[in-house]
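A, B, ... follow the sequence lines: proteins, then strands. Residue 1 opens every chain.
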Amino acid sequence: MNLYKYVSEKLNEKLGFDAKLEIPRNRDFGDFSTNAAMVMAKSAGKNPREIATELLPKIRELDFVSDASIAGPGFINLKIRDDFLWNAVQTAANITKSDKPMTIDMDYGAYNVAKSLHIGHLRTSIVGDTLYRLGRAIGHKMISYNHMGDWGRSMGMVIAWIEKLHPDWPFFRDNFDASADYSKYAMPIEELDTYYPSAAALAKTDEKFMERAQIITAELQNGHPGYNALYNVFIPISLQSMDKIIRKLNMLSFDNNLGERNAAKYAEPVEKILRDKNLLQQSDGAEIVVVKRNDDKKPMPPVMFRNSREALTYDATDIMALYYRKITDNPDKVIYLTDSRQSLHFEQLFRVAELLGMFPADSLEHIGYGTINGTDGKPFKTRDGNAAGLNDIIDMVQSAVRDRVAESGKKLDDATIDEIALAALKFNDLSHDLRSDYIFEPSQITSFEGRTGPYILYTAVRLNSVLKRAGDFTVPQNANMGADERNLVMGLLDFDRTVQSAFDSRATDLVANYAYDVCQLVNTFYHNCPILRDDVDAETRNMRLSLIKTAVDVLGGALDLMGLRIPVEM
RNA sequence: GUGCCCAUGGCUCAAUUGGAUAGAGCAAUUGCCUUCUAAGCAAUAGGUUGCAGGUUCGAGUCCUGCUGGGCACGCCA
């Protein structure tokens, strides 16, 4: 039930005017408020309060309105009838499906093969997963892509490094036998993870090594059998390690783990379209697509399709990936979720897609999120100055929860501790505005007072505990609500609206902050309104129990959208 | 140099996308466990929304200029 939408539509219908319904910041003003009179006054050249006085009787005719009054410069404040609210709140946890469902490709994660996940992958993973769940809940057909970095220079670096370690391995021989089984060359993930950083460090000082890596990259892409066989040895190892983190973060698994390598298969058809449309140009030995327009005020460099060493760049593979999605999903929208530093790249990419006639500009969307910084305001690093690994961060939060539990004398199993830790980590990430940077302070994440994920879980756990003790109860037809109960009802009735606008504006922080707001209302109610005490009469008890049930459903719904679960106890 | 983004109590973040008295959490001070889980509730204190103009019934939000910060700008992804 989307109360906001319902009231808004009925009100506009009654007034014959498209007014904007607002929820007053100050609840004393009423449940809803409209500025219709002030907007109408402008075109009519009249006093807003005068018009408001004319509108008031009409508004009072609406059956769900218990009171309407004029305030301030001409706001009309509404109060909703309690019996209407009580009836409405029974379906507060339901999410309204979209009346025009779309097919939406979501590109997030973008994990790199043979490079362990680090803090830079945190937001794209967590927020991407939540956006996906939001879209799905609203009824869109969501298709997720982990566009893996599995075909670029880093692959050449890793292979070059292995060549350095094991020059005697068969992959590097001229008489390589592609039909043999090479699975015995598989290395543990911990070892594989060290290859890229080592190679990258060496390449910085050793030009010859860098050159070798570049040659290998090009040869790999052109089908060199030995390199491809070796590549096929370490790819599954890497995929397994990604999968482990995905499960640790309680993310939905990707519908597609298809990256640059898959995209590169479509080089030919894409290049043909580019040539047919006469879009490819030679420049300094490279092939480029000019995307600059005459009316551009900002610099708009060309898109690099193929570099002077004849390797495909990520510009090229991104175009091909888009082509692949067009011919397989034919989506209404493609949403990319990456670091905001890639904004220019995506603007260029979208222009190429438009030039190719593949996707209109408004069907492609890039959401750029800010960086996660340390207290110094610079990208978060571990104490030794390295980018913090995702596994290390998760472990750190988990051990902090373990300490906290030990301190309190509670006994919780490992699964519960992991769930609490995950809530701390994910809520922190989701509750921040996507577009801005935020500061990641381990001590703040791991202290669980106030505005945190554990606070939300704790609230839900307490509610469940009451429901469990209470046993069966009946939902009363009507309710005589006090202020705390009524405030909670209004909060719960805002769930559907929040979900809708969170997806519409791609703002996952709305869901997280909503959950927190509801918890505050719940906890005030919980504190002030006894339920199972002997002096509470049956009618009141039933009313409060049904309210708690709905609150758990709503909180559970919000938590589910964040990929979190309510523990049994904590 | 060109362009994009940001600036809100001591700290970390909000503000229904132009609405009414700018709200939370942390840190500080204080009260509440013989009551359904105190990871909780309640109270006090803390603000010229970076600076200067402008737009209108109304600006933290929109426009202009300035100051300070972040980021990007063809052969990495």
(request) Hey, which sits more toward the 5' end of RNA chain B by its nearest nucleotide, A/Gln444 or A/Leu344? (result) A/Gln444
(request) Start with the C-alpha distance between A/Lys426 and A/Asp429, add both sets of side-chain angles, then the distance that settles salt bridge (Lys or Arg N to Asp or Glu O under 4.0 Å), and finish with yes or no. (result) CA-CA 5 Å; A/Lys426 288 178 114 174; A/Asp429 193 77; over 6 Å; no
(message) If a pair means Watson-Crick or G-U wobble with both distances below 3.5 Å, what does RNA chain B look like in dot-bracket form, with | marking bases paired to a different strand?
(response) (((((.(..((((.....[...)))).(((((.......))))).....(((((..]....)))))).)))))....
(request) Under 4.0 Å between any heavy atoms, over every strand shown, what does A/Arg25 touch: base, sugar-phosphate, or nothing? Just pick one. (result) base
(request) Evaluate whether atom CZ of A/Arg541 has more than 12 neighbouring non-hydrogen atoms of other residues, nucleotides or ligands under 6.0 angstrom away. (result) yes
(message) Taking CD in A/Glu310 as the centre, count heavy atoms belonging to other residues, nucleotides or ligands within less than 6.0 Å. Is the count above 12?
(response) no
(request) May I ask you to say what A/Lys378 touches in the nucleic acid, namely base, sugar-phosphate or nothing, with a heavy-atom cut-off under 4.0 Å? (result) nothing
(message) Taking atom CD as the centre, does A/Gln282 end up with more than 12 heavy-atom neighbours from other residues, nucleotides or ligands that are less than 6.0 angstrom away?
(response) yes
(message) I'd like the C1' distance from B/G74 over to B/G70, given in whole Å.
(response) 24 Å
(message) Taking B/A14 as the reference, what is the distance to B/G23 when you measure between their C1' atoms (whole Å, please)?
(response) 7 Å
(request) Identify whether the glycosidic angle of B/U34 places it syn (within 90° of 0) or anti. (result) anti
(message) Within the 4.0 Å heavy-atom criterion, would you say A/Tyr438 contacts the bases, only the backbone, or no part of the nucleic acid?
(response) sugar-phosphate
(request) Rounded to whole angstrom, note down the C1' distance from B/C57 over to B/A72. (result) 42 Å
(message) Can you see whether A/Thr459 engages A/Asn523 through a side-chain donor-acceptor pair at a distance of less than 3.5 angstrom?
(response) yes
(message) Students often get this wrong, so: under 4.0 angstrom with heavy atoms, is A/Gln520 touching a base, only sugar-phosphate, or nothing?
(response) sugar-phosphate
(message) Could you tell me how far B/U56 sits from B/C71 if I compare only their C1' atoms? Round to whole Å.
(response) 35 Å
(message) Under 4.0 Å, counting only non-hydrogen atoms across every strand here, what does A/Arg469 touch: a base, just sugar-phosphate, or nothing?
(response) sugar-phosphate
(request) Scan A/Ser33 against the nucleic acid and name what it touches under 4.0 Å (heavy atoms): base, sugar-phosphate only, or nothing. (result) base
(request) Look at atom CD of A/Glu54 and say whether more than 12 heavy atoms of other residues, nucleotides or ligands are closer to it than 6.0 Å. (result) yes
(request) Please work out if A/Tyr455 contacts a base, only the sugar-phosphate, or nothing of the nucleic acid, heavy-atom cut-off 4.0 Å. (result) sugar-phosphate
(message) Work out how far the P atom of B/A59 is from that of B/A20, and round it to whole angstrom.
(response) 10 Å
(message) If you assign each of A/Pro299 and A/Ile420 to its closest nucleotide in RNA chain B, which residue comes earlier from the 5' end?
(response) A/Pro299
(request) With a 4.0 angstrom cut-off to heavy atoms of chain A, pull out the first and last contacting nucleotide of RNA chain B, in 5'-to-3' order. (result) B/U2 to B/A77
(message) Does B/G74 count as syn, meaning its glycosidic angle lies within 90° of 0, or as anti?
(response) syn
(message) Do A/Glu260 and A/Asp150 make a side-chain contact, defined as non-hydrogen atoms from C-beta onward lying under 4.5 Å apart?
(response) yes
(request) Please work out whether B/C33 sits syn or anti, treating a glycosidic angle within 90° of 0 as syn. (result) syn
(request) Assign A/Asn373 to base, sugar-phosphate, or nothing according to its heavy-atom contacts below 4.0 angstrom with the strands shown. (result) nothing
(request) Using a 4.0 Å heavy-atom cut-off across all strands, classify A/Asn35 as base, sugar-phosphate, or nothing. (result) base
(request) Check every strand shown and say whether A/Gln214 touches a base, only sugar-phosphate, or nothing at a heavy-atom separation below 4.0 Å. (result) sugar-phosphate
(message) According to ring pair (Phe, Tyr, Trp, His ring centres under 6.0 Å), who are the partners of A/Tyr336, at least two apart in sequence or on a separate chain?
(response) A/Phe346, A/Phe350
(message) Taking the P atom in each of B/G60 and B/G19, what is the distance between them to the nearest angstrom?
(response) 11 Å
(request) Provide the distance between the two C1' atoms, one in B/U64 and one in B/G25, to the nearest whole Å. (result) 37 Å
(message) Using side-chain heavy atoms (C-beta onward) and a distance below 4.5 Å, is A/Leu412 in contact with A/Ile420?
(response) yes
(request) Report the residues that fulfil ring pair (Phe, Tyr, Trp, His ring centres under 6.0 Å) with A/Phe473, sequence neighbours left out, ordered by chain and then residue number. (result) none
(message) What's the gap between B/A7 and B/U2 when it is taken at their P atoms, as a whole Å value?
(response) 23 Å
(request) Tell me what A/Cys529 touches on the nucleic acid: a base, only sugar-phosphate, or nothing, going by heavy atoms under 4.0 Å. (result) base
(request) Can you sort out which residues in residues 483-502 of chain A have a heavy atom within less than 4.0 Å of RNA chain B? Ascending by number, please. (result) A/Arg497
(message) Please list all pairs meeting ring-ring contact (aromatic ring centres under 6.0 Å, His included) that have one or both residues in residues 507-545 of chain A, counting only residues at least two apart or in different chains.
(response) A/Tyr455-A/Tyr516, A/Phe495-A/Tyr514
(request) Decide if atom NZ of A/Lys292 counts as having more than 12 heavy atoms of other residues, nucleotides or ligands within a radius under 6.0 Å. (result) yes
(message) Under 4.0 Å, heavy atoms only, any strand: does A/Ala470 hit a base, just the sugar-phosphate, or nothing?
(response) nothing
(message) Once you apply a heavy-atom cut-off of 4.0 Å, does A/Ile456 come out as touching a base, just sugar-phosphate, or nothing?
(response) nothing
(request) Please report the shortest heavy-atom distance between A/Ala37 and A/Pro48, naming the atom on each side. (result) CB-O, 3.5 Å
(request) May I ask you to say what A/Ile23 touches in the nucleic acid, namely base, sugar-phosphate or nothing, with a heavy-atom cut-off under 4.0 Å? (result) base
(message) One thing to verify: whether A/Arg533 and A/Asp535 come together as a salt bridge, which I'm taking to mean a side-chain N less than 4.0 angstrom from a carboxylate O.
(response) yes
